[in-house]
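Accompanying notes for the structure given below.
The structure displayed is predicted, hence computed values, not measured ones. Keep in mind that the numbers below use all heavy atoms, side chains included, and drop hydrogens, waters and symmetry copies. We name chains A, B, ... by the order of the sequence lines, and we start the count at 1 in each one.
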Amino acid sequence: MSWDIVYRLVKQIPRGRVLSYGALAKALRLSGGARSAGRAMAATPTGKGIPWHRVVGERGKILIREPYASLQKKLLESEGVKITESRVDLNSHRWKPDKKSLAKKTAATKKRPRRAPQK
DNA sequence: CATCTGACGACCG
DNA sequence: GCGGTCGCCAGAT
């Protein structure tokens, strides 16, 4: 799968702003949801100018393990993001991608079925 | 092809 | 607020 679209969006996250895996997945309509977003980040090649550290858990928590967790925290703080107890202040830093930022082309399996027509 | 695992999230206790 | 479970899906073995 091409995580290109994910990287592209992540690269557009403004300095001092963060986005959650879930929001990221939703914005791009990834089939696997937050998990796929996470996979994408896990496969993110470092040194490509991709601010992967601006992606945290839905509640602003750093979910990754050491030593990346510490690194991420450090990077965020250096960007002016407030962090409290390994937790990002999503309340003031949550970022919403612009519609234009969503210049996705091949968003995984497009969109997934809404819900079972139950009832 | 069968299973397990995982940079997640929603729920429940 | 924290920890355990389940659901979701794609990759890895």
Side-chain angles (χ1 to χ4, degrees):
Chain A
M1 173 168 287
S2 304
W3 302 120
D4 188 55
I5 53 174
V6 181
Y7 301 150
R8 211 170 298 192
L9 183 58
V10 173
K11 275 197 266 187
Q12 292 174 71
I13 300 177
R15 184 166 170 282
R17 284 282 206 300
V18 294
L19 192 60
S20 68
Y21 297 95
L24 182 59
K26 264 184 183 177
L28 296 174
R29 256 181 213 162
L30 298 183
S31 52
R35 272 235 153 99
S36 288
R39 275 204 88 50
M41 300 319 294
T44 301
T46 54
K48 306 288 188 200
I50 301 173
W52 56 270
H53 55 272
R54 290 179 188 149
V55 184
V56 295
E58 187 62 279
R59 296 177 348 204
K61 183 142 191 202
I62 294 177
L63 303 165
I64 59 183
R65 299 188 181 103
E66 300 296 332
Y68 299 104
S70 299
L71 177 61
Q72 176 169 31
K73 185 178 172 185
K74 191 166 70 176
L75 287 170
L76 287 172
E77 289 186 303
S78 70
E79 288 188 349
V81 175
K82 186 119 198 255
I83 297 187
T84 309
E85 299 295 301
S86 304
R87 203 168 296 186
V88 180
D89 187 345
L90 278 182
N91 206 35
S92 344
H93 297 292
R94 194 185 285 256
W95 176 70
K96 239 189 165 315
D98 288 297
K99 193 153 197 182
K100 293 190 297 189
S101 299
L102 298 174
K104 59 185 164 84
K105 301 185 175 177
T106 317
T109 45
K110 294 186 193 174
K111 54 186 175 187
R112 49 187 167 107
R114 298 332 219 90
R115 52 144 89 293
Q118 271 299 6
K119 193 148 43 76

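When each of C:dG11, B:dG9, C:dC2 is scored by its nearest atom to the side-chain atoms of A:Arg59, the top-ranked nucleotide is C:dC2. For A:Arg87, whose side chain is taken as the heavy atoms from C-beta onward, the closest listed nucleotide among B:dC8, C:dC2, B:dA10 is C:dC2. Here C:dA10 is the nucleotide among C:dG7, C:dA10, B:dA10 with the atom lying nearest to any side-chain atom of A:Arg39.
What separates CG of A:Leu28 from C1' of B:dC8 is a distance of 15 Å, to the nearest Å. Between the CH2 atom of A:Trp3 and the P atom of C:dC9 there is a distance of 13 Å, given to the nearest Å. Atom-to-atom, NZ of A:Lys26 to C1' of C:dC9 comes out at 17 Å; the value is rounded to the nearest Å. C:dG11 atom P lies 11 Å from atom CG of A:Leu30, rounded to whole Å. Atom CE of A:Met41 is separated from atom P of B:dC8 by 11 Å (rounded to the nearest Å). Look at CG on A:Leu63: it is 10 Å from C1' on B:dG9, rounded to the nearest Å. Here the C1' atom of nucleotide C:dC9 and the OH atom of A:Tyr21 are 17 Å apart, to the nearest Å. Atom CG in A:Leu90 sits about 16 Å away from atom C1' in C:dG1, given to the nearest Å.
Considering A:Ile62, A:Val88, A:Val56 in turn, A:Ile62 is the only one that fulfils the side chain to side chain contact (heavy atoms under 4.5 Å, CB included) rule with A:Lys73.
Taking side-chain N and O atoms only, A:Ser31 has a distance below 4.0 Å to OP1 or OP2 of C:dA10.
Looking only at distances, a side-chain donor or acceptor of A:Gln12 sits under 3.5 Å from a matching main-chain atom of A:Arg8. With hydrogens and angles ignored, the 3.5 Å screen pairs no side-chain donor or acceptor of A:Arg17 with any backbone N or O of A:Trp95.
By the side-chain hydrogen bond (donor to acceptor under 3.5 Å, both in side chains) test, A:Ser20 is found to be paired with A:Glu58, residues two or more places apart in sequence or in another chain being considered.
Evaluation of atom-type donor-acceptor distances gives a pair under 3.5 Å for the side chain of A:Arg35 against the base of C:dC8.
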